[in-house]
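Computed from a predicted model, the values in this text were never measured in an experiment.
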Amino acid sequence: MNNQQPNQTFWSGFKIRFRRFWRRFQLTRWLIVIFLTIVFVMSAYLTFMAKTANVGDLKAALENPTQIYDRRNKKAGTLYSQKGTYVPLTNISTNVQQAVISTEDRNFYHEHGFSVKGIGRAFFLYAKNKVLRQNYISGGGSTLTQQLVKNAYLTQEQTFTRKFKELFLSVEVENVYSKKDILSMYLNNAYFGNGVWGVQDAAKRYFGKSAANLTVPEAAVLAGMLTSPSAYNPVDHPQASRARRNVVLGLMAETGAITQAQAKQYQATAITTNDSYSYKNSYKYPYFFDAVINEAVNKYGLTESEIMNKGYKIYTTLDQANQTQMQMLFKNPSYFPANASDGTKVQAASIAIDPTTGGVEAVVGGRGKHVFRGYNRANQMRRQPGSTIKPLAVYTPALENGYYYDSELTDKKKSYGTNDYTPHNYGNQYSGQVPMYEALAQSKNAPAVWLLNKIGVDKGYDSVKKFGLPVTKSDKNLALALGGLKTGVSPQQLAQAYTAFANEGTMTSAHYIRKIVDASGNVVVDNTQTEAKKTKVMSSKTAKQMTSMMMGVFNYGTGTSAKPYGYTIAGKTGSTEADGDSDATRDKWIVGYTPDIVVTTWEGFDSTSSKHHLENVSGTGEGPLYKAEMESILPNTKGTAFNTKDASTIANAKSSGSSSSGDIWDSVQKGINNAGKQFNNAADTVKSWWNKAKSIVE
């Protein structure tokens with residue numbers, strides 16, 4: 001009996017039915033239609049991508065570095081970029097041109113941006129790698145135009161998708177530019193190792209001459225480096241470089257650029273290097289420029305590569321004089337405490353903001369060596385603000401809810417709540433009663449907590465949120481009065497909050513960029529016609545009273561060592577304890593302002609420990625530093641005067657019965673303040689009677 005016959009009958013029947021089914025529904029045609037549709041859609045997408053890639057801007061973008069302009073539209077420097085000194089093709093030796101074309105793309109002048117043979121080779125290698133389960137292309141298929149496109153527009157990712165994008169962009173580049181333009185852009189944008197971009201700087205770095213004067217062997221060395229700049233550079237790997245050079249010379253002989261005899265003659269010569277390259281660092285204001293890049297990336301959706309390499313003109317809020325002075329002060333160790341025993345530096349950060357516009361005029365994010373787009377303490381750090389939060393969390397909402405600059409506050413050691421929260425004044429000194437302006441100027445903790453308890457933690461919490469500080473529900477407690485925040489704040493956030501006091505109650509949003517223009521002159525970002533985001537935080541009357549109280553901080557309070565000579569400023573100091581030790585300080589803060597500028601400075605260690613902390617709140621460092629900062633910045637401002645006087649002066653004049661005709665608030669508010677205080681006193685009396693009666697009934 002034959003067991004194979006039923007199986008053969010089944011399969012032969014299945015094949016017949018399948019062929020009928022295939023012919024009936026014309027599946028061959030449908031597969032062709034689907035395939036062509038996919039090809040059409042992909043081609044349409046890639047064509048659209050190529051047409052909208054602003055290929056016409058490519059040459060201008062490669063020729064020019066990204067320029068930074070200050071608030072007066074003057075050049076302030078350029079950003080780091082993958083660019084060298086751009087020179088026209090007429091200033092690049094024909095030896096270099098022939099060496100590169102012979103090595104990288106000998107059909108350069110006879111193709112339209114792509115090579116059919118190269119693409120076929122890429123397909124073969126792609127299929128091979130798929131079989132071997134390697135999801136990348138092993139090489140091949142790239143013309144000079146494709147290499148230019150890859151460096152200018154795409155990532156170095158070796159995938160087939162990227163190859164398709166590269167192909168379509170290359171065709172578009174060939175449609176827009178001549179072969180000479182393409183070769184010039186390629187040579188000026190190529191990488192030659194050791195941080196050197198472009199053939200002109202490479203010629204200076206390795207042979208001490210201009211690209212126009214390179215000999216055939218020297219040109220062959222540079223052309224040989226293009227496949228692997230680190231492996232074939234003549235300084236670090238002379239033997240490998242010579243071997244690669246000789247290969248290039250052989251290829252030049254094959255293409256007829258030189259004769260075989262010349263190739264042998266050149267191959268026998270030694271490589272002599274000479275370095276006359278000098279890098280001109282135009283990244284003059286590193287922390288400010290870092291902040292500009294971060295804002296362009298995070299706020300306006302540009303990539304770092306685009307910003308660095310597309311030849312933008314970025315107009316900023318920078319004041320070069322203020323920035324230069326701030327950087328110089330940070331380099332002077334006499335303004336800072338001594339290093340820790342293990343050599344760790346005390347760190348610091350400062351920022352200056354125009355309160356009217358919110359424009360950052362100067363910023364320094366740390367001491368020591370700068371790291372490109374590294375840690376910027378001025379706007380990335382989050383630390384406890386200490387007593388600098390008192391005006392925001394306590395005194396502003398108190399004034400907005402019926403208290404006055406000279407309201408008497410209880411200054412006693414008291415415990416609050418079920419957890420017996422007990423704030424302490426510095427040195428455990430208490431006066432029983434203290435006027436509000438003096439409590440603020442002397443940064444007393446007990447009256448601040450007492451007052452927050454009186455007005456209600458909710459009001460203080462809501463006030464801090466209005467000032468834009470990052471508080472959470474876990475911060476809704478009496479420790480808020482002393483800056484006990486879970487997240488903490490940055491100097492930039494604190495300076496932004498204080499713009500409300502300097503700007504008659506309206507807070508302006510801190511920013512660095514005014515306008516961005518691309519290499520072809522198209523405006524990408526424009527903030528010049530729109531005002532910065534503004535938030536009304538308090539009434540102008542409250543802002544005026546707060547300013548009068550905060551003048552006392554620098555006139556007779558905790559900030560006297562930081563007061564700039566010959567100037568009147570207002571603001572607040574703050575500090576936080578390290579590990580519960582009153583003599584060990586974690587953070588020191590000073591924020592001060594005039595109607596023209598707000599400056600915030602922080603000082604401390606990045607990581608606080610028993611060996612890394614500031615010795616005490618009155619130690620060497622921040623006061624003199626802040627004084628020097630203000631004395632260098634204020635002469636560059638308009639010099640706008642405050643429209644009020646120090647609260648202690650107003651209070652003393654009121655108690656002596658005299659008045660100042662120059663201060664409207666001093667004369668008009670007098671009767672209102674007295675009436676308000678009498679009302680508050682009457683309310684407190686009624687409240688105390690009610691509590692006594694309630695206790696008797698109970």
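Aromatic ring centres of F467 and F501: separated by under 6.0 Å. Ring centers of F330 and F336: under 6.0 Å apart, within the cut-off.
Sorted by first then second residue, the salt bridge (Lys or Arg N to Asp or Glu O under 4.0 Å) pairs that include residues 442-451, not counting sequence neighbours, are D411-K444. Counting only residues at least two apart or in different chains, salt bridge (Lys or Arg N to Asp or Glu O under 4.0 Å) contacts with residues 465-482 comprise D458-K476.
Remark: D606 engages R377 in a salt bridge (charged side-chain N to carboxylate O under 4.0 Å, His left out) (not counting sequence neighbours). Partners of K536 under the side-chain contact (heavy atoms from CB on, under 4.5 Å) rule, at least two apart in sequence or in another chain, are T506. For Y567, there are no ring pair (Phe, Tyr, Trp, His ring centres under 6.0 Å) partners two or more places apart in sequence or in a different chain. Partners of K627 under the salt bridge (charged side-chain N to carboxylate O under 4.0 Å, His left out) rule, at least two apart in sequence or in another chain, are E631. Looking at residues two or more places apart in sequence or on another chain, you find a side-chain contact (heavy atoms from CB on, under 4.5 Å) between A393 and I389, V464, L480. Here Y437 pairs with nothing under the ring pair (Phe, Tyr, Trp, His ring centres under 6.0 Å) rule; sequence neighbours left out. Residues meeting the ring pair (Phe, Tyr, Trp, His ring centres under 6.0 Å) test with Y416, sequence neighbours left out: none. Take Y421 and apply the ring pair (Phe, Tyr, Trp, His ring centres under 6.0 Å) test, not counting sequence neighbours, and it matches no residue. Listed by chain and number, the residues in a side-chain contact (heavy atoms from CB on, under 4.5 Å) with A570 are T547, M550, M551, Y593, F642 (sequence neighbours excluded). Under the salt bridge (charged side-chain N to carboxylate O under 4.0 Å, His left out) criterion, R382 pairs with no residue, sequence neighbours left out.
Annotation: the span from R72 atom CZ to L318 atom CG amounts to 9.5 Å, rounded to 0.5 Å. Put simply, CD1 on I633 and CG on D596 are 12.0 Å apart, with the number rounded to the nearest 0.5 Å. Distance check, rounded to the nearest 0.5 Å: CD of Q327 to OG of S350 gives 11.5 Å.
Side chains of K412 and S431: a donor-acceptor N/O pair is absent below 3.5 angstrom, by distance only. Neither side chain, T78 nor Q67, offers a donor N or O lying under 3.5 Å from an acceptor on the other. In the model, D290 has a side-chain atom that pairs as donor or acceptor with a side-chain atom of Y283 under 3.5 Å. In the model, S490 has no side-chain atom that pairs as donor or acceptor with a side-chain atom of N379 under 3.5 Å. Side-chain atoms of N555 and K563 include a donor-acceptor pair closer than 3.5 Å. Side chains of Q496 and Q492: no donor on one and acceptor on the other come within 3.5 Å.
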